[in-house]
Enquirer: 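Could you have a look at this structure, given as structure tokens, before my questions?
Numbers restart at 1 for each chain; the letters A, B, ... are given by sequence-line order, proteins then strands.
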Amino acid sequence: MKIDIDRMDFAPSSCNAEILEDDSVNEDFSSYKYCPSVTEEDLRSEKLRAENMKGGLDNPMTARTALEAQLSAILTQNRIDEIETKNLGYKLNEARVQRRVFDYIKEYEAPEIE
Amino acid sequence: MKTKYKAHIISHTHWDREWYLNSKYTTEWLVPFFNNLFTMLEKESDYIFVLDGQMSMIEDFFEELNKSGVSSNIYRQQIRECVKQKRLFIGPYYLQPDWQLLSEESLVRNMLIGNQIASDLGGSMNVGWMMDNFGQISQTAQIHKEFGMKGLYVWRGVEMDPEDVQSEFLWESPDGTTIPSIYLLDSYRNVMRLAEYEDIMEKRVYAEVVKLKPFTTTRNILLMNGYDQEMVPDDIQPFIKNRQMDTDDLTVFQSSPERFMEAVMEEKPSLKTLKGSLYSGRFIAVFPGVMSARMYLKLQNDDQQKALEKRTEPLSTLVWALGGEYDGQLITEAWKTLLKNHPHDSICGVSIDDVHTDMEERTRYVNQLSSSQILQKLKELTGLINTSDMKDEEVNVVFNTAFYKRGEVVTFEDETFFVNLPPMGYKVIEKSSKPDSDLVLDGYRVENSLIILSINPNGSFNIEYKNSGRVFENLGVIEDRADTGDEYNYSYPDFDSTITTSCTKAEISISKKSSIRVVFRIKIEMELPESDADNHTERSKVLRKLPIVTYLTLDADSPVVKCRTVVRNTVKDHIMRVLFPSDIKTDYSYAGSPFDITERPIHIEDYDESSIPEDVRKVIVGAREAKPNTIFLNREFVDLNDGAEGLAVLSKGLPEYQVVEKENIIALTLFRSVGWVAKDINSRIGDAGPMISTPGAQCLREMSFEYAVYPHEGDVYSGNVCRESDIFNSPVISLITDRHEGVLDKEESFFNFSSTLNSFKVTSCKRSEDSRSVIIRGFNSSETRIDVNLESFFRIERACFTNLLEREKEELTVEGNNISFEVKAKKLLL
């Protein structure tokens, strides 16, 4: 339905207003560990599947599944790399902080470290 | 003389923008694709091609050109010319959406934006093009008719008597609108790549004609010359021009969707009528598992649809009507971004992980746009309210963007208020109003004027509906089973073990307590198999704890018990549902769907495979579901009733339900965890997509689900189930402002609809596309004609019905600031 209204000319101007978020509480589930999303074993299995199907690449009836397996192996590798990047990045950040703090505490805490 | 059969070859490409690759790769392909297409159109002056019914292909192509610093002007001109010459068919959609999982307005916007872009490039095709979406909604005919479509092409979901299959039919919406429809019974690719195998091209064409002849209602036969992401248009003209492939009783030529439709209808065939939703996987799979694959995407999408439809646009419209700005460009940008998540391979959750990561990124962007607009428009509206005489520095205001007057409990700084809110308006809250009765709390039992809610030691709950005295027991039990399916279909392992919370000991506490609101917190730990095992044949013996916390809220005077369940999904390969035993004696369920309430039988007879004749078997070539579907769509609610009373489960963005025949249990799916795009599974015949690992589809994350239980009198219509679900899905907005001068009173309703039967639902309130008027869209959910009155705060100069392109149809009588009109049963109000 299309309604032609007589627009008003109140020219709204902004005021102070704060929207209240819903008051639901965030649960602390940190003690519940996830099972691994993707493992080295998954990667090995996908690489093996891709390898085993390579022979079908020239056959129009099997090339599609062979390529799917190759793509799946790459994406699984990417996922593992992502997890590894995340873990390594976190460790690297901590190591950088430790290295810097040692400039200040080395003489008290571990003067023997070179 | 006997008229010849006419083989219409339609050349096309079906473009999955994202599926086994994300769009950053596939859009690159559009440059060579369009170059190939233009080369073909230049080489063959009679060549005709269909661009998959979706305008995003062209938009993405222009974007790719832009990235390379190439002007798109010459291509625009070329496209416009070919469209006008009826050699290139574009539109009517922006993208190929899934039709089940989206809101009413998302579907409308998809076609509206698609049509606008197509108009700039010469005009949209005048038929619907539903090549591959996974099942059809009941109002498809009415929606397409209101976009000026003359017909439809459709594949998945159609079922006919195997002894009487026809490749054309009339599709009827619940309001009686019909549209001629072409059933692609042997898919959209039956003569793909003809010219590439030119030696056998003729044989293939003739063989396909022979296969399809038994099913055609006219002497026109449809041959579909294309497939997914076809990069090179098939060079068929050299083999068919000058009628060189014709025989004594067959003429073969390149055609178009419009021409084929016209040719069929010119013969005035006697067509059978199929009514309502089409959701059979008997001849071609509809993949019901897509309704629960990657549920987090459905929830995020639901949030953003509502942010745009129920907040951004209505609030912007009010500000505009009061004299302010309407940021149409930003709103369109938000819509277009959200619509990019709506293709069937995207919102259905059936792609690789990277695709769905992109989708989450898009949703976040839409959220940024909508959140900033909502806050801005609320500030502008609130700035007009006179709060100067309030006694406190901080002033509490509640906005209600639903078109219903409602009583709500709201919280400001730990203080709860009961407020009666005007429809599509606001109220400054000074003190709590008095509900009909306060809550009475006794241990883990609480009652209001309508309901008694009590919590069981296992965390399930009972609801007594006071009007009838009926008690619904053991609601909210969680059920967990193995899912050895894939993103497309749930599947069962050879040996399953179902685990429920029936025998668990729940941790129950009272989280909030006042005379108008009580919230129970229920914590359960499930010990679940870590994954499937032994080559997907059973569940693992290794168990892992999975926490579930449910908050149950009962408010004063509220007819519903609201539930919010939060889980950390720690395990893989399973499906989790929440169960609501109704014990209501009925043979039908009633569920919300876009622009409708759909009735479905609860008991569904098994297929008799042997009844499919050989000629039909030859043409049903794709994957199929081995058993009839019993899992269905619910948009915002599912209801079981016996006419006198009923039990409805309302939900926010949880589209999948099943009714378990024993005790007529409503099972609402919370999520499924699977690890593959597609693979061999027990519940499907044939493949659905690529066998690619998708650890992201295991949904190892925290998720929050909202649903509600609504016992009621009467049936789904007289029980106002649609209205209660709409209210549940339209939360109010509470905000704090300061004291300031203003021109508006402390309470105002801007638009107030009243209708007989309370069955009128508004699905959109926005500024019109021509920027001159207010558009309100909705539908009559009931099976009877209703009278509707709209009262407006603004002076109405003129009002009219439109079609979905917002073109005027029928002028309405305006009396003061009121418009009264009738809406026929199941009719869209446009």
Side-chain angles (χ1 to χ4, degrees), chain A residues 1-39 41-47 49-50 53 60 62 64-80 82-83, chain B residues 20 319 321-324 352-354 375-376 378-384 411-412 530-531 544-547 549 551 564 566 568 570-572 690-693 695 698 700 702 733-738 740 743 768 772-776 792 794-802 806 808 829-830:
Chain A
M1 181 169 42
K2 192 171 184 178
I3 309 166
D4 293 345
I5 53 160
D6 183 14
R7 280 183 74 201
M8 296 175 161
D9 56 0
F10 290 153
S13 63
S14 203
C15 69
N16 286 328
E18 182 196 345
I19 300 178
L20 298 182
E21 301 298 327
D22 74 32
D23 52 357
S24 51
V25 186
N26 283 334
E27 293 302 322
D28 179 9
F29 289 145
S30 56
S31 61
Y32 296 89
K33 300 299 172 204
Y34 294 108
C35 68
S37 139
V38 58
T39 63
E41 178 50 37
D42 294 332
L43 179 60
R44 266 195 297 281
S45 160
E46 283 307 275
K47 281 186 170 169
R49 182 164 74 95
M53 296 183 96
T62 55
R64 168 184 148 177
T65 43
L67 290 165
E68 284 169 12
Q70 287 189 15
L71 184 56
S72 185
I74 290 170
L75 293 171
T76 308
Q77 176 74 62
N78 288 352
R79 195 64 191 244
I80 296 248
E82 267 174 31
I83 295 167
Chain B
Y20 51 80
V319 167
L322 289 162
I352 60 168
D353 288 348
D354 294 15
L375 180 59
Q376 181 58 31
L378 283 170
K379 282 181 171 179
E380 290 173 17
L381 280 170
T382 308
L384 291 174
T411 305
F412 286 95
E530 198 170 72
S531 63
R544 193 176 277 265
K545 283 183 179 159
L546 184 150
V549 174
Y551 290 89
R564 186 170 73 89
V566 190
R568 171 177 273 205
T570 54
V571 302
K572 302 199 274 196
M691 186 177 171
I692 295 178
S693 165
Q698 295 287 5
L700 295 168
E702 287 180 17
I733 311 168
S734 305
L735 61 83
I736 295 175
T737 186
D738 52 15
H740 53 254
V743 290
S768 61
R772 290 184 198 147
S773 317
V774 173
I775 291 282
I776 296 180
S792 165
F794 307 100
R795 195 175 73 78
I796 300 175
E797 293 176 340
R798 189 172 163 270
C800 56
F801 288 140
T802 67
E806 301 185 3
E808 295 180 10
L829 172 95
L830 309 169

Enquirer: Can you check whether F794(B)'s main-chain N or O pairs, donor with acceptor, with R7(A)'s side chain at less than 3.5 Å?
Expert: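 A pair under 3.5 Å: no.
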Enquirer: Side chain, backbone, both or neither: which part of I733(B) has an atom under 4.5 Å from a heavy atom of chain A?
Expert: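 For I733(B), the side chain is the part near chain A, not the backbone.
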Enquirer: Does atom CZ (R772(B)) have a neighbourhood of more than 12 heavy atoms from anything else shown, all under 6.0 Å?
Expert: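 Not buried by this count: 12 neighbours or fewer within 6.0 Å.
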Enquirer: Could you tell me which non-hydrogen atom of P695(B) sits nearest to which non-hydrogen atom of R79(A), and how far apart they are?
Expert: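 That closest heavy-atom pairing would be CG-CG, 4.0 Å.
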Enquirer: Can you see which heavy atom on I692(B) is nearest to which on E68(A), and at what distance?
Expert: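 It is CG1-O, 3.8 Å.
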Enquirer: Using 0.5 Å steps for rounding, measure from the CD1 atom of I19(A) to the CD1 atom of I736(B).
Expert: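 Between atom CD1 of I19(A) and atom CD1 of I736(B) there are 11.5 Å.
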Enquirer: Chain A: which of D354(B), L700(B), L735(B) shares the most heavy-atom pairs with it under 4.5 Å?
Expert: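 The candidate making the most pairs under 4.5 Å is L700(B).
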Enquirer: Go through the atoms of E46(A) and report whether side chain, backbone, both or neither lie under 4.5 Å from a heavy atom of chain B.
Expert: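 Looking at E46(A), just its side chain touches chain B.
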Enquirer: Sort E702(B) into side chain, backbone, both or neither according to what part of it lies under 4.5 angstrom from a heavy atom of chain A.
Expert: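 Both parts, heavy atoms under 4.5 Å.
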Enquirer: Quick check: closest heavy atoms across V571(B) and C35(A), and the distance to 0.1 Å?
Expert: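 Smallest interatomic distance, heavy atoms only, reads CA-SG, 3.9 Å.
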Enquirer: Measure distances from L322(B) to the heavy atoms of chain A and classify the residue's part below 4.5 Å as side chain, backbone, both or neither.
Expert: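 Contact with chain A is through both the backbone and side chain of L322(B).
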Enquirer: Relative to chain A, which segment of F412(B) carries a heavy atom at a distance below 4.5 Å: side chain, backbone, both, or neither?
Expert: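 It is both, since atoms from each part get that close.
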Enquirer: Please flag which part of T76(A) lies under 4.5 Å from any non-hydrogen atom of chain B: side chain, backbone, both or neither.
Expert: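 Looking at T76(A), just its side chain touches chain B.
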Enquirer: Of all heavy-atom pairs between T802(B) and M1(A), which one has the smallest distance, and what is that distance?
Expert: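 Scanning both residues completely, I find the closest heavy atoms to be OG1-N, 4.4 Å.
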Enquirer: If you apply the rule side chain to side chain contact (heavy atoms under 4.5 Å, CB included), what do you find for S773(B) with D4(A), and how did you get there?
Expert: CA-CA 5 Å; S773(B) 317; D4(A) 293 345; 2.5 Å; yes
Enquirer: Who among K545(B), R795(B), R568(B), R564(B) has the most heavy-atom pairs with chain A under 4.5 Å?
Expert: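 Winner by heavy-atom pair count: R568(B).
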Enquirer: If you tally heavy-atom pairs under 4.5 Å against chain A, which of S768(B), S531(B), G383(B), P690(B) wins?
Expert: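 Of S768(B), S531(B), G383(B), P690(B), P690(B) has the most heavy-atom pairs under 4.5 Å with chain A.
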Enquirer: Can you check whether N16(A)'s main-chain N or O pairs, donor with acceptor, with T737(B)'s side chain at less than 3.5 Å?
Expert: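 Present.
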Enquirer: Determine the option with the most heavy-atom pairs under 4.5 angstrom with chain A, choosing from E808(B), Q376(B), K572(B), E530(B).
Expert: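 Among the listed options, the one with the most contacts to chain A is K572(B).
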Enquirer: Which bit of R544(B) is near chain A, if near means a heavy-atom gap under 4.5 Å: side chain, backbone, both or neither?
Expert: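 For R544(B), side-chain heavy atoms alone lie under 4.5 Å from chain A.
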Enquirer: With a 4.5 Å cut-off on side-chain heavy atoms, are K2(A) and E806(B) touching?
Expert: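 No, side chains not in contact.
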Enquirer: Is Q698(B) in contact with chain A via its backbone, its side chain, both, or neither, using a 4.5 Å heavy-atom distance?
Expert: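 For Q698(B), neither part sits under 4.5 Å from chain A.
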Enquirer: Side chain from CB out, backbone as N, CA, C, O: work out which of these in D9(A) comes under 4.5 Å of a heavy atom of chain B, or both, or neither.
Expert: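 Backbone only.
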Enquirer: Rounded to the nearest 0.5 Å, what's the gap from OG on S734(B) to CD on E18(A)? Could you check?
Expert: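 Interatomic distance, S734(B) OG to E18(A) CD, rounded to 0.5 Å: 11.5 Å.
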Enquirer: So which atom in K379(B) and which in A17(A) form the shortest heavy-atom distance, rounded to 0.1 Å?
Expert: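 Scanning both residues, the minimum pair turns out to be CE-O, 3.5 Å.
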Enquirer: Please step through side chain to side chain contact (heavy atoms under 4.5 Å, CB included) for the pair V566(B) and F29(A), ending with a clear verdict.
Expert: CA-CA 10 Å; V566(B) 190; F29(A) 289 145; 3.8 Å; yes
Enquirer: So which of N78(A), L71(A), V38(A) has the largest heavy-atom pair count under 4.5 angstrom toward chain B?
Expert: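 Maximum pair count with chain B is reached by L71(A).
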Enquirer: Of all the heavy-atom pairs spanning A321(B) and I5(A), show the shortest one and how long it is.
Expert: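 So the minimum-distance heavy-atom pair works out to CB-CD1, 3.2 Å.
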Enquirer: Between V774(B) and chain A, with a heavy-atom cut-off of 4.5 Å, which part of the residue counts as in contact: side chain, backbone, both or neither?
Expert: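 Looking at V774(B), backbone and side chain both touch chain A.
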Enquirer: Below 4.5 Å, heavy atoms only, C-beta onward: do D353(B) and L75(A) meet side chain to side chain?
Expert: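 No, their side chains stay 4.5 Å or more apart.
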Enquirer: If you define the side chain from C-beta out and look only at heavy atoms, does anything of V25(A) sit under 4.5 Å from Y551(B)?
Expert: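 Yes, their side chains come closer than 4.5 Å.
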Enquirer: Within the distance-only criterion (no hydrogens, no angle test), does the side chain of S72(A) pair as donor or acceptor with the backbone N or O of S693(B) below 3.5 angstrom?
Expert: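 Pair found, side chain donor or acceptor close to backbone of S693(B).
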